[in-house]
Number of protein chains: 2
Amino acid sequence: MYTYKYPRPSVTVDVVVFGYDGGRDLKLLLIQRGGEPFKGQWALPGGFVDMDEDLEASALRELEEETGVRDLFVEQLFTFGAPDRDPRGRVISVAYFALVNLTAHPAVAASDAEQAEWYPLHELPELAFDHARIIEMATNRLRAKVRYQPIGFELLPEEFTLAELQALYETVLGVPEFNKRNFRTRIMKTGMLEEVGRQKNVAHRPAVLYRFNEDTYQQLMEQRDSAVLRRALDFEI
Amino acid sequence: MYTYKYPRPSVTVDVVVFGYDGGRDLKLLLIQRGGEPFKGQWALPGGFVDMDEDLEASALRELEEETGVRDLFVEQLFTFGAPDRDPRGRVISVAYFALVNLTAHPAVAASDAEQAEWYPLHELPELAFDHARIIEMATNRLRAKVRYQPIGFELLPEEFTLAELQALYETVLGVPEFNKRNFRTRIMKTGMLEEVGRQKNVAHRPAVLYRFNEDTYQQLMEQRDSAVLRRALDFEI
DNA sequence: CCAAAAGTGTTCATATTACACCCATGT
DNA sequence: ACATGGGTGTAATATGAACACTTTTGG
């Protein structure tokens, strides 16, 4: 038992993990709750923060414990603290935002009584707590982010074609299709792509395979102010 | 006394308030701590979250209690939770980011033993806790924000000239001076400015005074995706 | 009529858009 | 040889940077 002079809230972390597998929809990693409240309902992976643990570490730990997913890009999203957001009492949740290439992280090892599953972003089940709101905010963040930071590195496999990269952008932004010629010109101008080979055994002209040049990529990520980058990613919608 | 089955962290809010008075530097609102730890040192206004109080409400309450400043634009910045960031034990702090027109909020009513003061952003004193880091992050946010959202509404007086608006942008971005002609063209293209009169009694051609058209402004703020806006504010540096 | 700051016209270079076309492969 | 994507060339238009100029006020 722990005793304090003033009342204290509980603090949890929740993680919104976006996965991409090349399709026309992003996927979201959800778990089915094994205990009350909201037992049996779907929710974001997450849990209580340990007392000697950094917040981000806590998010990564809970994610791995509940879903087996690890080694991925995360950043803090927002802290949700409405007094009535959890029926158990005052619970403040620090939400994280994560991106992962689904084909490289397909296995979803559920812990305990909980199930974990990838849901298409446009076919989500009813969600526990205020998790629908958290997901909404994460989706907005993703769409805003995609305009000033190249996100492909996290969502695509090592090697990919320009058509795949374009499909990713179209999927994230939810737009029909933009001009191939112009997409290519803009992306190539950033210098972040490196040619690594060609497709094999396809019934058409084989596409050039690219990988992200990590150095250039990191540089571009740091200097968000880079005009090159903004101009390259700032697609009309 | 309050007793819990598991240990819980304390949760605080801290507010980074940027003020602008037309000068060549932004100002930051700081308080001098009246109690331990860091007694006598300067810190961000803030304090413990009440159990039945929303986080943002808590930030606004603490700000007003400690500095008298109220009625201002705030948004959540980041949550700081390193286990050792506070010598009193585990304290997680939700930081807020605020903008205010200094000439309209000059009075700084200090509560209790605490002093409150506006410091030029480039002449800050030594700060308590990890507040220097919080301020650094807030400054980065401001500079990023200014590129996709018009921030003048919060920082300038009701009526202002284009030269004043330009000086604000130059101050926030910390650049020497950009081309007057082009600045004007870009800003006017957004349609968010409304002519309201002219300067009086100046020893030169009187400048047109503008105010923000609230409707257009709100619309632009919502649709951050607006190409008009991005192009208008995306200044080269 | 001068100083000071406001405000405008215009040129030139570059970027963006849009559309049509050619290319390489497996069957 | 043809279907299927992959991958260019390029003209018309829009945008942006730069610079010099005109305007309006008070003293």
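All values below were derived from every heavy atom in this structure, side-chain atoms included, with hydrogens, water molecules and symmetry-related copies excluded. Below, read A as the first sequence line, B as the second, and so on, with proteins coming before strands; counting in each chain starts at 1.
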>> Once rounded to the nearest 0.5 Å, what's the spacing between atom CG of B:Leu44 and atom CG of B:Leu127?
In response: 6.5 Å
Roughly how many Å is it from [atom1] in [X] to [atom2] in [N], rounded to a whole number?
X	N	atom1	atom2	answer
B:Phe160	C:dA6	CZ	C1'	16 Å
B:Lys180	D:dA17	NZ	P	17 Å
A:Asn179	C:dC21	CG	C1'	13 Å
B:Arg198	D:dT24	CZ	P	9 Å
A:Met188	C:dA15	CE	C1'	18 Å
B:Leu193	C:dA6	CG	P	15 Å
B:Phe183	C:dA6	CZ	C1'	14 Å
B:Leu165	C:dA6	CG	C1'	15 Å

Produce the list of close N/O pairs, under 3.5 Å, pairing protein atoms with atoms of nucleotides 9-12 of chain D; give distances to one decimal.
| residue | atom | partner | partner atom | Å |
| --- | --- | --- | --- | --- |
| D:dG9 | N7 | A:Arg181 | NE | 3.0 |
| D:dG9 | N7 | A:Arg181 | NH2 | 3.2 |
| D:dG9 | O6 | A:Arg181 | NE | 3.0 |

Closer than 4.0 Å, any side-chain N/O of [X] to the OP1 or OP2 of [N]?
X	N	result
A:Lys189	C:dT16	yes
A:Arg184	D:dG7	yes
A:Arg186	C:dT17	yes

Are any of the side-chain heavy atoms of [X] and [Y] separated by less than 4.5 Å?
X	Y	answer
A:Leu63	A:Leu29	yes
B:Val146	B:Tyr169	yes
A:Leu99	A:Leu142	yes

>> Any side-chain to backbone donor/acceptor pair from B:Glu159 onto B:Tyr210? Under 3.5 Å, distance only.
In response: no
> Under 30°, 30 to 60°, or over 60°: which ring-plane class applies to B:Phe212 and B:Phe153, parallel, tilted or perpendicular?
Replying inline: perpendicular
> What pairs meet the salt bridge (charged side-chain N to carboxylate O under 4.0 Å, His left out) rule with one or both residues in residues 120-130 of chain B, with sequence neighbours excluded?
Replying inline: B:Arg85-B:Asp130
> In a check of ring-ring contact (aromatic ring centres under 6.0 Å, His included) between B:Phe18 and each of B:Tyr96, B:Phe97, B:Phe73, which one passes?
Replying inline: B:Phe97
>> Quick test of your reading of the model: are B:Glu195 and B:Arg211 salt-bridged, counting only N-O distances below 4.0 Å?
In response: no
> Looking at residues 200-209 of chain B, who's got a heavy atom less than 4.0 Å off DNA chain D?
Replying inline: B:Val202, B:Ala203, B:His204, B:Arg205, B:Pro206
